[in-house]
Amino acid sequence: MKKAICRNWFVPQGLPLTEMDKRILSFQNRGEIVPTRALIKTPEQIEGIRRSGVINTGVLDLVEREIHAGMTTAEIDRLVYDYTTSHGAIPAPLGYEGYPKSVCTSINEVVCHGIPSEDEVLEEGDIVNVDVSTILDGFYSDASRMFIIGQTTPEKEKLVRVARECLEVGIKAAKPWGFVGDIGKAIARHAHKNGFSVVRDLCGHGVGLEFHEEPEVEHWNTRRNGMLLVPGMVFTIEPMINMGTWEVFIDEEDGWTVVTEDELPSAQWEHTFVMTEHGLEILTH
Ligand code: MF3
Ligand code: CO
């Protein structure tokens with residue numbers, strides 16, 4: 001059977017082909033998945049996303065200064081809401097597909113999408129992911145960091161470090177005119193080398209004009225190329241690295257909280273990037 005070619009790149013009739021058109025069309029004609037025009041951001045849009053990212057980083061820096069044992073995750077939620085709104089922005093999670101809070105706080109075996117609560121108190125030895133997403137003037141940014149509460153075990157410390165390294169090797173693997181699939185390949189190799197696994201059910205994503213856009217950025221080795229990476233594309237990389245099995249489930253009660261199947265810990269770091277002619281530039285520094 002002939003492989004169906006997915007045609008995303010159209011050139012308006014009557015316009016001359018630019019160098020970029022020609023380059024993208026050559027990949028498309030070979031059967032590769034290429035972006036749509038909407039995924040290539042204009043310089044003005046990139047500036048908007050960058051400004052959103054400055055506030056997003058301000059939120060994470062504030063959380064980094066304030067987080068401590070004995071604090072509830074609801075207190076983190078209030079810090080995020082107050083900082084974001086007082087800077088003229090909106091916390092993107094709040095009300096997103098019914099999500100009830102302004103931030104995700106995911107402790108130990110919680111992989112992601114943990115909902116802040118008055119009843120949840122941070123304890124010495126916990127490892128916590130705080131995932132912050134901001135809308136400013138309609139532009140979205142998205143980043144998360146891990147925090148270690150006091151002293152933790154060497155294994156959990158290693159997990160947090162390796163998860164961060166996985167984000168770094170993913171960044172280095174992402175090349176202009178390469179493919180999204182290069183990212184997951186590199187991340188999976190680094191995670192496995194360290195004895196850890198990579199979550200498959202959740203991925204990074206295009207971001208900027210909406211919270212979640214194409215492409216899906218898988219962090220494991222799907223053995224597919226995935227979408228062509230073209231300068232101007234904006235997306236996240238956010239590998240979730242598990243100490244045990246890669247398998248996860250969603251808490252039935254709240255419909256959000258993602259937990260490891262074996263209840264061993266998980267760690268995640270995330271940034272928003274723009275692809276440039278020279279590689280990825282971080283927009284959430
Ligand atoms: N911030 C998450 C991400 O990295 C998305 C959270 S959706 C929410 O894509 F509704 F839970 F906030
Ligand atoms: Co994200």
Side-chain angles (χ1 to χ4, degrees), residues 39 41 49 52-53 55-60 63 73-74 76-81 83-85 89-107 110-117 120 128-136 139-147 163-164 166-167 170-171 174 180 183-184 187 198-220 227 233-241 248-259 266-275 280 282-285:
L39 299 186
K41 272 39 181 183
I49 302 164
S52 172
I55 295 175
N56 206 72
T57 301
V59 175
L60 279 165
V63 172
T73 48
I76 298 176
D77 184 66
R78 280 191 286 277
L79 285 177
V80 172
Y81 180 85
Y83 183 99
T84 306
T85 53
I90 303 166
L94 191 58
Y96 175 77
E97 292 186 5
Y99 187 81
K101 296 286 180 180
S102 297
V103 64
C104 298
T105 48
S106 305
I107 306 177
V110 176
V111 174
C112 62
H113 303 171
I115 303 175
S117 158
E120 190 174 54
V128 192
N129 175 272
V130 178
D131 191 343
V132 176
S133 318
T134 299
I135 316 171
L136 179 70
F139 295 109
Y140 288 75
S141 57
D142 189 4
S144 80
R145 296 181 196 165
M146 292 300 295
F147 301 105
R164 188 182 185 138
C166 280
L167 175 55
I171 295 170
V180 167
I183 299 169
I187 289 173
V198 182
V199 173
R200 300 184 180 188
D201 300 31
L202 297 117
C203 50
H205 50 91
V207 65
L209 309 184
E210 290 169 57
F211 200 166
H212 296 108
E213 306 178 10
E214 282 199 284
E216 288 191 347
V217 179
E218 302 279 12
H219 304 109
W220 58 294
M227 191 178 282
M233 288 171 71
V234 175
F235 57 91
T236 74
I237 305 177
E238 47 183 301
M240 286 145 271
I241 307 301
V248 301
F249 68 92
I250 298 177
D251 182 304
E252 279 178 20
E253 256 162 64
D254 66 24
W256 280 102
T257 309
V258 179
V259 187
S266 182
Q268 174 182 32
W269 293 79
E270 174 182 21
H271 273 307
T272 296
F273 307 91
V274 58
M275 181 54 78
L280 289 182
I282 303 178
L283 297 178
T284 45
H285 247 332

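Computed over heavy atoms, backbone and side chain alike; hydrogens, waters and symmetry mates excluded. As the structure lists them, so they are numbered: ligands from 1, and atoms in each ligand from 1.
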Next item on the list: Evaluate whether atom CZ of Arg200 has more than 12 neighbouring non-hydrogen atoms of other residues, nucleotides or ligands under 6.0 angstrom away.
Entry: yes
Next item on the list: Report the part of Pro93 in contact with ligand 1, treating N, CA, C, O as backbone and CB onward as side chain, heavy atoms under 4.0 Å; options are side chain, backbone, both, neither.
Entry: both
Check: By number and element, which atoms of ligand 1 are closer than 4.0 Å to a non-hydrogen atom of His113?
Finding: 5 (C), 6 (C), 11 (F)
Item checked: No-hydrogen, no-angle side-chain donor-acceptor test under 3.5 Å, Glu238 and His271 -> no
Next item on the list: Output the list of atoms in ligand 1 that are nearer than 4.0 Å to some heavy atom of His205, sorted by atom number.
Entry: 3 (C), 4 (O), 9 (O)
Checklist line | N, O or S atom of Asp131 closer to the Co ion (ligand 2) than 2.8 Å | finding: no
Checklist line | Identity of the N, O or S atom of Asp142 lying closest to the Co ion (ligand 2) | finding: OD2
Next item on the list: Determine whether the side chain, the backbone, both or neither of Glu270 has a heavy atom under 4.0 Å from any heavy atom of ligand 1.
Entry: side chain
Next item on the list: Identify, by name, the N, O or S atom of Glu238 lying closest to the Co ion (ligand 2).
Entry: OE2
Next item on the list: Could you check atom 7 (S) of ligand 1 against the protein and tell me its nearest heavy-atom contact, residue, atom and distance included?
Entry: Tyr96 CD2, 3.9 Å
Next item on the list: Could you tell me whether the Co ion (ligand 2) has an N, O or S atom of His205 under 2.8 Å away?
Entry: yes
Note to self: Under the side chain to side chain contact (heavy atoms under 4.5 Å, CB included) test against Thr272, which residue among Ile237, Asp142, Thr57 passes?
What the structure shows: Asp142
Check: Side chain or backbone of Thr236 under 4.0 Å from ligand 1, or both, or neither, by non-hydrogen atoms?
Finding: neither
Notebook entry, point to check: What do you reckon, are the aromatic ring centroids of His212 and Phe235 less than 6.0 Å apart?
Noted result: no
Next item on the list: Using only heavy-atom distances, determine whether the side chains of Ser144 and Asn129 contain a donor-acceptor pair under 3.5 Å.
Entry: yes
Next item on the list: Say whether His212 and ligand 1 are in contact under the criterion: heavy-atom distance to a ligand atom below 4.0 Å.
Entry: yes
Check: With distance as the sole test, does Glu213 use its side chain to make a donor-acceptor pair with the main-chain N or O of Leu209 at under 3.5 Å?
Finding: yes
Checklist line | N/O/S atom name from Glu270 that is nearest to the position of the Co ion (ligand 2) | finding: OE2
Next item on the list: Mark yes when over 12 heavy atoms from residues, nucleotides or ligands other than Glu216 sit less than 6.0 Å from its CD; otherwise mark no.
Entry: no
Note to self: For a quick test of reading the model, state the closest non-hydrogen atom pair linking Pro116 to Asp77 and the distance between them.
What the structure shows: CB-CB, 3.7 Å
Check: What is the closest protein heavy atom to atom 3 (C) of ligand 1, and at what distance does it sit?
Finding: Asp142 OD2, 3.3 Å
Item checked: Numbered atoms of ligand 1 (with element) below 4.0 Å of Phe211, judged on heavy atoms -> 1 (N), 5 (C)
Check: What is the nearest protein non-hydrogen atom to atom 2 (C) of ligand 1, stated with its residue, atom name and distance?
Finding: Asp131 OD2, 3.3 Å
Notebook entry, point to check: At what distance is the nearest protein heavy atom to atom 4 (O) of ligand 1, and which residue and atom is it?
Noted result: Glu238 OE1, 2.7 Å
Check: Between the side chains of Thr134 and Asn56, does any donor sit under 3.5 Å from an acceptor?
Finding: yes
Next item on the list: Examine the proximity of ligand 1 to Cys104 and report which part, side chain or backbone, both or neither, has a heavy atom under 4.0 Å away.
Entry: side chain
Item checked: Atoms in ligand 1 flagged as close to Ser133, the criterion being non-hydrogen separation under 4.0 Å -> 1 (N)
Checklist line | Approximate separation, where rounding is to 0.5 Å, of Ile187 CD1 and Cys166 SG | finding: 6.5 Å
Next item on the list: First locate atom CZ of Arg164, then atom CH2 of Trp269, and finally report the distance between them rounded to the nearest 0.5 Å.
Entry: 4.0 Å
